[in-house]
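Contents: one structure, followed by commentary.
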Amino acid sequence: MVLESVQGRKNLYPSTMDGETYLRRLIEGYLSELKEASADSNARSLLGGWKLGEAEAAGRALVAAGALEVRQLENLLADLKKALIERGVIQEWSGSISFDLGEAVAERVEGELPSKQAEEWARALDPSVKPTLVRVIAVEQDVDIATTQQKLILISLELWTDHFSLRYATDMRQPLGEMTHKAGRAPFDHFAWELVDDLGVRYKQSGGGGGGGRPWYLWTKNFHPSLPPEAERLQISGRDFETVEELFRVDITLAK
């Protein structure tokens, strides 16, 4: 079944991914957020419960769209809850799952050994497990931003086991954000990345940094979850934070 485009916008990649795979990818993104969450156990537990509820809400939407079976949703929620319990994120009795699904999920969590998926997700939450580099994709693409006469160069994608990194360079002769810098704001902070693959998965930025000197300033931005092997294309676009104007859009081929 073809899922809706991300945020319903035109020209973004439609997804041909089945509902179960889509929900797995969404949950992997939640795990990345939980791994980076505050060390405060109460705050982390509360966030874990919210994410469990968000996974159910997304799953119910997929069930309503005919892209996911209720049993598949029960299995994934049980795996997620088991992983959160295993890593001490939530207690056995906690977690925001609605009553009608909660009984089925609780029965699986209490009555079965951890599944392979639950074990993998529990490891993904382990702060002692370090990500490993899978491969590097050369991009080497110039991008002109007509509205501001700025230029950036997309250099490469680094694919890691739990995230991926985008490396790029900006022209220091007119850095991104210079127009708003005149209003007293620091340059570079009014540029938002939007990344979505051809499976419909949308990626969240999770830190990064930059450095260098004229004429080029080098940047690294990290995104999660990791890019799946089945993804063939990645659409990269940027928007001005203030005007929400799309500044550019580029398609990257991911095939090996």
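The analysis underlying the following values was restricted to heavy atoms, covering all of them including side chains, and did not include hydrogens, waters or symmetry mates.
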In a check of side chain to side chain contact (heavy atoms under 4.5 Å, CB included) between I155 and each of L166, T220, L218, V139, which one passes? L218

Nearest heavy-atom contact between L80 and A55 is CD2-CB, 3.9 Å

Is there a donor in the side chain of R167 and an acceptor in the side chain of S156, or the other way round, less than 3.5 Å apart? no

Shortest non-hydrogen separation from L34 to V89 and the atoms involved: CD2-CG1, 4.5 Å

Under 4.0 Å between a side-chain nitrogen and a carboxylate oxygen: does that hold for E33 and K204? yes

Give a yes or no on whether the ring-centroid distance for F223 and W160 is below 6.0 angstrom. no

Whether the N222 and S165 side chains hold a donor-acceptor pair (N or O, under 3.5 Å, no angle test) is what I'd like checked. yes

With a 4.5 Å cut-off on side-chain heavy atoms, are I236 and R249 touching? no

Let me see the working for W219 and T170 under side-chain hydrogen bond (donor to acceptor under 3.5 Å, both in side chains), right down to the final yes or no. CA-CA 8 Å; W219 295 86; T170 55; 3.0 Å; yes

Tell me the closest heavy-atom pair linking L125 and R87, and the distance in Å. CB-CG, 3.5 Å

Kindly give the heavy-atom pair with the smallest separation between L68 and L23, and that separation in Å. CD2-CD2, 4.0 Å

Carboxylate-amine/guanidinium proximity below 4.0 Å for R233 and D197: no

So which atom in A83 and which in W121 form the shortest heavy-atom distance, rounded to 0.1 Å? CB-CB, 3.7 Å

Strictly below 4.0 Å, N to O, side chains only: are E56 and R60 in salt-bridge contact? yes

Using a strict 4.0 Å threshold on nitrogen-to-oxygen distance, state whether K82 and E119 make a salt bridge. no

Quick check: is L159 connected to V136 through a chain of hydrophobic side chains (ILVMFWY, heavy atoms under 4.5 Å apart)? no

Here the pair of heavy atoms bringing E232 nearest to D198 is N-OD1, 2.9 Å

Say you draw a straight line from CG of N75 to CZ of R71; how long is it, rounded to the nearest 0.5 Å? 4.5 Å

